[in-house]
Undergrad: 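This is the structure, below, for whatever I ask next.
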Amino acid sequence: MSNMIIGDALPNIPWEDKPKGCIDVLWRYSGNPIIGWNPIPKAARIYNSAVLPYQGKFVGAFRADQKNGRATLFFGKSDDGIHWNIGPDPINWVDENGKPNPISYGYDPRFVKIEDTFYIVWCDDMHGASIGLGKTSDFKTFFRMPNPFMPYNRNGVLFPRKVNGKYMIFSRPSDSGHTPFGNIYISESPDLIHWGNHKYVMGSGGSGWWQGTKVGAGPIPIETKEGWLLFYHGVSTTCNGFVYSTGAAILDINDPSKVLYRTRDYILTPEKSYETTGFVPNVAFPCATIFDAPTGRITFYYGAADTYTAMAFAQVDELIAYIKNNSEVF
Ligand code: BMA
């Protein structure tokens, strides 16, 4: 048992115990990848996607590269969180009057339930990459909301509850291309429309090189007794391009702009063939977690090589102890 996570029970969380002899705090699912090439007729690759528990089963917002190469968002369902029934068509976004309001492209969704509404945040086209926001209550009608920020910005991640009475979002201001820089910022809103009080949270750099180029928030942060647990991606630049790894941080529960601890080393980096080989090699891009609070089990979903969806697991007490004992805040 664990009393570290402040949240719900999920007794049917997809789970696999850590293999004997494994020294990692985040260990991969032996059945990876869970989504492979050409998973549905209208998509070549589904990755960097987000899942949530729902009424004893699971729902997901999926980044899908269509067969013209353009990224968009699909909705999917699963009985077990591993085998997914996605599509068949992209999410049909509407405006507040129910009129079609399609997106031009969409990628890297995060999915969160706040009170009784489900929100999707993604990278949207607003005459340049910016953050898109939409909501649904029934997974049938998906409403687009105003873009929280102007271009260029990516990696929008909402908090699962208000903090000090305000909605909170992470973002990563960027440029119009494959941004060679990037730090995580936090902003707040009374209504999910007007955003302000922007603050710097954390940036690239440190003694290691794995996060030397840029960092971006990953899954929705998890509320724990030690603070907000944030998985994030860190990027290094090699002569063959970017390498995307995963790190983790603990942020102050009442002021999440304050970083208390942050992993000096990555906790997951591209090693397996489905991470090192694919449409974009050497990418492990975290977008979602689900957890079972009573046992402290965390199941982690990440995109691999911009081609596959993969899973990994962590035990929260072990992970938090690791972050605290192997921290470098800069
Ligand atoms: C980022 C995003 C991600 C992608 C990554 C690696 O800029 O586009 O969707 O996984 O690059 O290509």
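What you see is a predicted model, and the numbers here were worked out from it, not measured in a lab. First listed ligand is number 1; within each ligand, the first listed atom is number 1.
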Undergrad: Hey, are the side chains of Val215 and Arg262 touching, using non-hydrogen atoms and a 4.5 Å cut-off?
TA: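 Val215 vs Arg262: side chains touch.
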Undergrad: Testing Ile103, Val94, Asp95 one by one against Arg144 for a side-chain contact (heavy atoms from CB on, under 4.5 Å), which residue passes?
TA: Ile103
Undergrad: What I'd like to find out is whether the side chain of Pro14 reaches to under 4.5 Å of the side chain of Ile290, using heavy atoms alone.
TA: yes
Undergrad: Under 4.5 Å between any side-chain heavy atoms of Ser204 and Asn183, yes or no?
TA: yes
Undergrad: Of Thr72, Thr136, Ile120, which meets side-chain contact (heavy atoms from CB on, under 4.5 Å) against Ile91?
TA: Ile120
Undergrad: Check each protein residue for a heavy atom under 4.0 Å from ligand 1 and list those that pass, ordered by chain and number.
TA: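 For ligand 1, the residues that come within the 4.0 Å heavy-atom cutoff are Asn48, Arg63, Tyr107, Asp108, Tyr244, Val280, Val283, Phe285, Asp306.
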Undergrad: When you look at NZ of Lys272, are more than 12 heavy atoms from neighbouring residues, nucleotides or ligands closer to it than 6.0 Å?
TA: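 Not buried by this count: 12 neighbours or fewer within 6.0 Å.
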